[in-house]
2 protein chains.
Amino acid sequence: MAGRATIAQVAEEAGVSAMTVSNVINGKPGASEETRRRVMEVAARLGYRPNVSARNLKAGRSGLIGLIALDLTSQYGLEILRGVADELASAEQELLVNATYHDAVREKDRIEFLARGLVDGVLMIAPVLEDETVELLRRQKLPCVIIDPRRLDVPLPRLSVDNYHGMRQGTQHLIDLGHTRIAYLRGEEDLESTSIRFQGFEDAMRLAGLEVDERLVASCDFSYACGFRTTARLIDDHSPTAIVAGADLMALGAVDAARARGLNVPTDFSVVGFDDLPQAAQSFPGLTTVRQPLHDMGQKAARALLSLIEGQRLLMEHMEVGTELVVRNSTAPPPRDGAA
Amino acid sequence: MAGRATIAQVAEEAGVSAMTVSNVINGKPGASEETRRRVMEVAARLGYRPNVSARNLKAGRSGLIGLIALDLTSQYGLEILRGVADELASAEQELLVNATYHDAVREKDRIEFLARGLVDGVLMIAPVLEDETVELLRRQKLPCVIIDPRRLDVPLPRLSVDNYHGMRQGTQHLIDLGHTRIAYLRGEEDLESTSIRFQGFEDAMRLAGLEVDERLVASCDFSYACGFRTTARLIDDHSPTAIVAGADLMALGAVDAARARGLNVPTDFSVVGFDDLPQAAQSFPGLTTVRQPLHDMGQKAARALLSLIEGQRLLMEHMEVGTELVVRNSTAPPPRDGAA
DNA sequence: CTGTTAGCGCCTTCAT
DNA sequence: ATGAAGGCGCTAACAG
């Protein structure tokens with residue numbers, strides 16, 4: 001559609017062969033200064049641009065990386081996306097973005113489509129990844145890296161976060177402040193990380209000699225709305241003095257729920273999140289949370305994918321990155337009377 | 001790299017010609033049930049997928065649409081992106097995402113790169129778009145549509161929002177509630193929309209017989225942080241009872257600034273935003289704001305681009321969509337004593 | 001119903 | 001230093 005002119009036209013117009021035009025355009029040696037100049041002049045005049053499909057067909061690669069994200073609206077995926085984009089920028093690879101909207105069928109379709117030679121490799125964020133899809137990826141020998149896998153044992157290269165220690169540290173922070181009645185908001189149950197984070201919470205509690213009260217534990221879908229609703233209920237029914245959420249969005253909902261119940265955060269009620277989304281810093285009070293290095297994760301995964309594409313083998317199939325507690329203003333010692 | 005099996009291999013293995021395989025795969029008529037079955041069986045066994053590059057080469061298109069966004073983190077652009085992606089999904093076009101990070105040079109580079117035939121068309125969100133770049137797009141006859149142009153008179157197909165009436169309506173809402181000392185947060189000054197929205201604010205005030213106090217008007221960069229800072233200052237110095245912000249992020253900052261000053265929103269201080277980002281609904285109190293139909297805008301722009309690509313002329317070069325006031329809980333009548 | 005021919009635009013190989 | 005031939009994988013258009 002664009003770049004009408006073809007290499008043949010330029011060749012004709014410049015009075016040389018297509019081959020020479022190709023060499024000149026690609027800066028290959030073997031063309032006199034004179035010819036070079038003439039070809040460039042004609043190419044510019046005709047607005048010639050090499051056709052990408054043709055080039056790809058010939059080269060057997062596309063210069064494209066596919067990213068399969070769950071959702072294009074969650075900051076979580078977008079921070080990763082930024083990291084990926086930053087890394088790819090210096091590698092002359094373009095990014096093809098896809099969202100599955102949490103639909104396994106759509107996910108499979110997209111991967112299948114991308115695997116038709118459209119992309120040189122695929123990056124997936126928390127994909128559902130049915131066995132059949134894994135099989136497809138392996139059969140097609142399509143390089144791929146999974147970021148934040150749902151199950152840690154998928155037989156594909158993957159990058160995950162140290163959820164266990166992250167959550168243990170976040171919980172410990174509340175314990176250190178003196179909290180004992182700590183509620184916990186689990187995330188979606190089909191993510192292995194939800195259980196692992198909870199494990200970190202439990203262990204931190206146990207090691208501090210604290211009881212994990214099951215009535216203070218609830219599950220949510222990672223959303224603000226559910227965090228709000230659930231926390232409001234928890235406060236009404238069981239008066240915890242603090243809550244740990246398996247994701248920042250839920251934590252933000254928890255903060256507002258406490259506020260809606262007339263509690264001051266953090267003096268009456270403390271909240272700890274997980275992720276450190278941009279919104280965690282941009283809220284009032286600033287959210288204390290366990291930081292996942294999302295941008296770094298994107299970069300790291302992209303880098304791994306690029307080496308796979310270049311045919312190198314990865315040092316390790318399963319990469320893991322650490323977390324970091326970011327203390328802001330949503331946490332403080334519990335109120336004196338012990339309950340909210 | 002991927003898609004090992006080619007049509008020729010399938011043909012050979014199935015004992016038919018490549019043409020027949022093609023027809024079967026594409027569901028074209030003219031193939032006996034028997035042949036069809038055999039071909040399908042072999043194709044499945046070999047894991048055959050038509051190569052996209054080859055197909056596009058043949059078809060004279062790339063199947064790719066480029067999206068030039070300012071930023072991959074702002075919800076504003078992402079809501080539009082979602083609309084675009086949804087529309088493209090049914091058009092067999094993939095989306096190539098690019099961020100310029102507000103850098104005019106980078107923007108030009110990216111457009112130039114895409115214009116090399118990589119994509120069939122380009123969508124741009126609030127691009128800086130120097131004259132030279134416009135010239136390039138025209139010369140290459142690269143179909144493009146601009147969403148939310150910085151200047152309304154760019155000579156390219158574009159889609160903008162009725163900023164004037166939107167802001168007038170948002171302001172009127174506060175006036176109707178009884179506010180008179182209304183502050184205003186302008187957005188970035190190099191967007192024409194910033195002036196147009198302000199115009200709507202001014203006119204609403206004037207028509208209600210209210211003074212626009214210049215000391216209550218300030219400029220910001222669309223960010224939460226600046227909205228917070230500036231509103232805090234405005235409240236300290238001039239005690240308005242309400243504020244209108246040219247964007248939701250600034251409005252969210254304003255809400256938290258008021259809160260930080262000990263004011264209750266909305267009973268002591270009202271806030272009106274502009275955009276209706278997802279966060280506007282997901283905050284406490286819910287933000288009253290002027291809704292831009294971002295998702296629709298993305299769809300509409302994508303649809304326009306697709307018809308341009310198909311060679312159709314657009315009915316109008318400049319499309320405009322309307323806004324809608326969304327009343328939530330950040331606005332209420334001013335406090336009795338008249339000042340904050 | 002099925003196969004042959006031809007060519008999309010480019011570039012690798014091998015001559016000249 | 002330059003060019004001719006051929007093919008990447010696919011599919012119109014036209015045979016048969």
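Order of the sequence lines fixes the chain letters, A, B, ..., with proteins taken first and strands second; residue numbering starts at 1 for each chain. Not measured: the values here are computed from a predicted model. Note that these values count all heavy atoms, side chains included, but never hydrogens, waters or copies made by symmetry.
Side-chain N/O atoms of S32(B) include one lying less than 4.0 angstrom from OP1 or OP2 on dT2(C). Under 4.0 angstrom from either OP1 or OP2 of dG9(C) there lies no side-chain N or O belonging to S53(A). Distances shown here put a side-chain N or O of T20(B) below 4.0 Å from the OP1 or OP2 atom of dG3(C).
Residues that satisfy the side-chain hydrogen bond (donor to acceptor under 3.5 Å, both in side chains) test with D275(A), not counting sequence neighbours, are Q292(A). In terms of the salt bridge (charged side-chain N to carboxylate O under 4.0 Å, His left out) criterion, residue partners of E13(A) (sequence neighbours excluded) are, by chain and number, R45(A). With sequence neighbours excluded, no residue forms a salt bridge (charged side-chain N to carboxylate O under 4.0 Å, His left out) with R55(B). Qualifying side-chain contact (heavy atoms from CB on, under 4.5 Å) partners for K58(B), counting only residues two or more places apart in sequence or in other chains: none. For R150(A), the salt bridge (charged side-chain N to carboxylate O under 4.0 Å, His left out) criterion is met by D190(A), not counting sequence neighbours. Residues passing the side-chain hydrogen bond (donor to acceptor under 3.5 Å, both in side chains) test with S53(A), sequence neighbours excluded: none.
Annotation: the span from L70(B) atom CG to I125(B) atom CD1 amounts to 7.0 Å, rounded to 0.5 Å.
Evaluation of the salt bridge (charged side-chain N to carboxylate O under 4.0 Å, His left out) test over residues 122-137 of chain A, restricted to residues two or more places apart or in two chains, returns K108(A)-E132(A).
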Treat primed atoms plus P, OP1 and OP2 as sugar-phosphate and everything else as base, then score nucleotides 11-16 of chain C 5' to 3': B for base contact with protein heavy atoms under 4.0 Å, S for sugar-phosphate contact only, - for none. BB----
N/O donor to acceptor pairs below 3.5 angstrom from side-chain atoms of residues 298-307 of chain B, sequence neighbours left out:
{"residue": "Q299(B)", "atom": "NE2", "partner": "E87(B)", "partner atom": "OE1", "Å": "3.4"}
{"residue": "S307(B)", "atom": "OG", "partner": "R303(B)", "partner atom": "O", "Å": "3.0"}
{"residue": "S307(B)", "atom": "OG", "partner": "A304(B)", "partner atom": "O", "Å": "3.1"}

Donor-acceptor list for residues 313-320 of chain A side chains, cut-off 3.5 Å, not counting sequence neighbours:
{"residue": "H318(A)", "atom": "NE2", "partner": "S160(A)", "partner atom": "OG", "Å": "2.7"}

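Once you apply a 4.0 Å limit to the heavy atoms of chain B, the touched nucleotides of DNA chain D run 5' to 3' over dG9(D) to dA13(D).
One atom, CG of N51(A), and another, C1' of dC10(C), lie 8 Å apart when rounded to the nearest Å. In this entry the distance linking CG of L46(A) with P of dG9(C) reads 14 Å, nearest Å.
The closest side-chain donor-acceptor pair between D71(A) and Y76(A), if any, does not fall under 3.5 angstrom.
Each end of the helix from dC1(C)-dG16(D) to dT16(C)-dA1(D) gets its own rotation axis from five pairs of C1' atoms, and the angle between them is 40° to the nearest 10 degrees.
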